[in-house]
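I have placed the structure first, in the form of structure tokens, so that the comments after it can refer back to it.
Order of listing sets the numbers, starting from 1, for every ligand and every atom in it.
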Amino acid sequence: MTNQATHQKQIILSGMRPTGKLHLGHLVGALENWVQLQTEFQNYHLVADYHALTTNPDSSKITEYTIDMVIDWLAAGIDPEVSPMFRQSQVKEHAELHLIFSMLITTARLERNPTLKEQVRDLRLDTIAYGHLGYPVLQAADILLYKGEVVPVGEDQMPHIEITRELARRFNTLYDTVFPEPDGRLTNFARLPGLDGKRMSKSVGNTILLADSPDEIKKKMRTAVTDPQKIRKNDPGRPDICLVFTYHNKFNPDEVPDVRTGCESGSLGCVDCKARCAEKIIESLTPMREKRLYYEENISEVTDILHEGENKARAKAQETMQDVRKAMNMGVMGD
Ligand code: TRP
Ligand code: SF4
């Protein structure tokens, strides 16, 4: 059985809402992890295009955003041959399983979801769409359709994994054991702060995009906040409270001791320090930028990759739905 090893690989389902070009936070917080996990596990990478509509039903940019995001996935090194990439909206079984799961959870449980409460507060929503309340139910369908066992996520997504586990248990006890109870796997690198020291977010404009040119990266780095006590070049600074130092840790590990000594002693000024950091970021993004340019000129390859991924995903999803219908005695007649 030459295929046995492949069959035994645990299944990972990872997903992102299509929000366009990705930034360093996505790379450090998710993508690098995805790339690393792709040999050890069987990965499925989902473009959560329905989820993107939960807080804003405007779908006019969804295709552009999807292509931009998938290009960044490819540029970061996800291999579509082994890890299918697909749009949630193109595999109809997501909608079907979502409907079934929606019968197995109460609105009270969904109203208690802390991620929803945060969004209501941050986005100042005064009403919630029915589909927004059901966000974690759709996410559970995303994961369980592929019998996902591991889900790489950020802290904010853990409540959704908990709901996924509850739905898997509920289905399994009510009907028959079809689903695994997936584990959320937090990424090991702490969240990378934005250039203003706050949470990195595209809407705030404090990000470096994977697609940024060397000049843009240098320019953006110059705007980064540093230790406010280091005013003049030779003032001693505190690297541990400086976000530029966090970036050195990530992108320039070899020079970290040197940067620390230079900063603390005052021999290194912030302008030079930032320029050194920018060089290293540029260096590590260069291969990605080149791959990105290739795909931008060959968009049809990207759409082919999606279509192929969708065929593979659909096959797996249909298999699971057969198990689901059988367990539920829905529509299985005769034999
Ligand atoms: N909710 C996830 C996010 O905002 C995106 C997502 C949708 C997802 N479906 C998923 C993540 C399934 C992991 C698994 O980041
Ligand atoms: Fe930050 Fe570097 Fe300035 Fe120190 S020298 S405060 S680490 S930018």
Side-chain angles (χ1 to χ4, degrees), residues 11-19 22 25-26 29-31 33-34 43-55 69 86-89 91 94 97-98 113 115-116 118-119 132 134-146 148-161 163-164 182-187 193 195 197 201 221-249 252 255-278 280 313:
I11 296 178
I12 289 194
L13 192 292
S14 51
M16 282 187 198
R17 276 170 295 168
T19 50
L22 301 181
H26 294 118
L31 271 183
N33 203 27
W34 292 11
N43 286 260
Y44 288 88
H45 298 299
L46 166 113
V47 179
D49 51 358
Y50 278 142
H51 274 120
L53 308 179
T54 49
T55 47
M69 183 171 82
F86 59 99
R87 288 163 295 175
Q88 183 184 41
S89 64
V91 180
H94 288 260
L97 191 56
H98 166 258
N113 169 17
T115 308
L116 178 75
E118 246 169 61
Q119 282 174 341
H132 191 188
Y135 187 114
V137 184
L138 181 56
Q139 188 162 345
D142 295 342
I143 297 166
L144 295 176
L145 253 188
Y146 305 92
E149 295 161 280
V150 179
V151 189
V153 285
E155 193 74 67
D156 65 315
Q157 293 295 310
M158 278 314 232
H160 295 169
I161 305 303
I163 291 175
T164 304
D183 288 313
R185 183 189 277 221
L186 290 171
T187 42
L195 295 168
S201 155
M221 265 319 265
R222 271 184 239 128
T223 70
V225 299
T226 62
D227 176 2
Q229 279 181 19
K230 188 164 162 67
I231 299 161
R232 270 165 260 105
K233 178 176 187 293
N234 294 325
D235 290 345
R238 297 166 297 174
D240 294 315
I241 63 149
C242 175
L243 77 92
V244 178
F245 192 68
T246 313
Y247 282 47
H248 274 292
N249 263 315
N252 188 18
E255 286 177 27
V256 158
D258 194 46
V259 171
R260 176 182 286 286
T261 324
C263 174
E264 285 173 345
S265 70
S267 64
L268 176 65
C270 292
V271 174
D272 292 339
C273 182
K274 287 173 176 181
R276 269 165 79 173
C277 191
K280 293 294 172 176

Picking from R232, R238, K233, what satisfies salt bridge (charged side-chain N to carboxylate O under 4.0 Å, His left out) with D235? R232

Under 4.0 Å between a side-chain nitrogen and a carboxylate oxygen: does that hold for K230 and D227? no

Closest contact, heavy atoms only, Y50 versus L138: CB-CD2, 3.9 Å

List ligand 1 atoms under 4.0 Å from A48, heavy atoms only on the residue side. 7 (C)

In terms of residue, atom name and distance, what is the protein heavy atom nearest to atom 8 (S) of ligand 2? T226 CG2, 3.5 Å

Taking only heavy atoms of V151 into account, list the atoms of ligand 1 that are under 4.0 Å away from them. 13 (C), 14 (C)

Using heavy atoms and a threshold below 4.0 Å, how should the contact between L46 and ligand 1 be classified: side chain, backbone, both, or neither? side chain

Nearest-neighbour protein heavy atom for atom 10 (C) of ligand 1, which is reported as residue plus atom name and distance: Q139 CG, 3.5 Å

Taking the side chain as every heavy atom from C-beta outward, state whether H160 and I143 have any atom pair closer than 4.5 Å. no

Please identify which atoms of ligand 2 are closer than 4.0 Å to at least one heavy atom of K230. 3 (Fe), 5 (S), 6 (S)

Can you report which non-hydrogen protein atom sits closest to atom 14 (C) of ligand 1, along with the distance? L13 CD1, 3.5 Å

Could you tell me the residue and atom name of the protein heavy atom closest to atom 1 (N) of ligand 1, and the distance to it rounded to 0.1 Å? Y135 OH, 2.7 Å

Looking at non-hydrogen atoms alone, which of A224, C270, G266 comes nearest to atom 6 (S) of ligand 2? C270

So, do H94 and L46 sit near enough that their side-chain heavy atoms are less than 4.5 Å apart? yes

Taking atom 11 (C) of ligand 1 as the reference point, the nearest protein heavy atom with its distance: G15 O, 3.4 Å

Working note: H51 + Q88, criterion side chain to side chain donor-acceptor pair (under 3.5 Å); need CA distance, chi angles, decisive distance, verdict. CA-CA 9 Å; H51 274 120; Q88 183 184 41; 3.2 Å; yes

Looking only at atom types and distance, does a side-chain atom of N252 sit under 3.5 Å from a main-chain N or O of C277, one as donor and one as acceptor? no

Atom 2 (C) of ligand 1: nearest protein contact (heavy atom, Å): Q157 OE1, 3.3 Å

Which atoms from ligand 2 have a heavy atom of V244 less than 4.0 Å away? 8 (S)

Can you name the atoms of ligand 1, numbered from 1 with element, that are less than 4.0 Å from a heavy atom of R17? 4 (O)

Considering only protein heavy atoms, which is closest to atom 9 (N) of ligand 1, and at what distance to one decimal place? D142 OD2, 2.7 Å

Are any N, O or S atoms from C242 nearer to atom 3 (Fe) of ligand 2 than 2.8 Å? no

Would you say the side chains of S89 and D49 form a donor-acceptor pair under 3.5 Å? yes

Student check: side-chain heavy atoms of M158 and L186 closer than 4.5 Å: yes

Of all heavy-atom pairs between P159 and N113, which one has the smallest distance, and what is that distance? CB-OD1, 3.7 Å

Are the side chains of V151 and D183 in touch, meaning some heavy atoms are under 4.5 Å apart? no

Quick check: does C273 have an N/O/S atom under 2.8 Å of atom 2 (Fe) of ligand 2? yes

of all protein heavy atoms, closest to atom 4 (Fe) of ligand 2 is C263 SG, 2.3 Å

What's the shortest distance from atom 7 (C) of ligand 1 to any protein heavy atom, and which residue and atom give it? H51 ND1, 3.3 Å

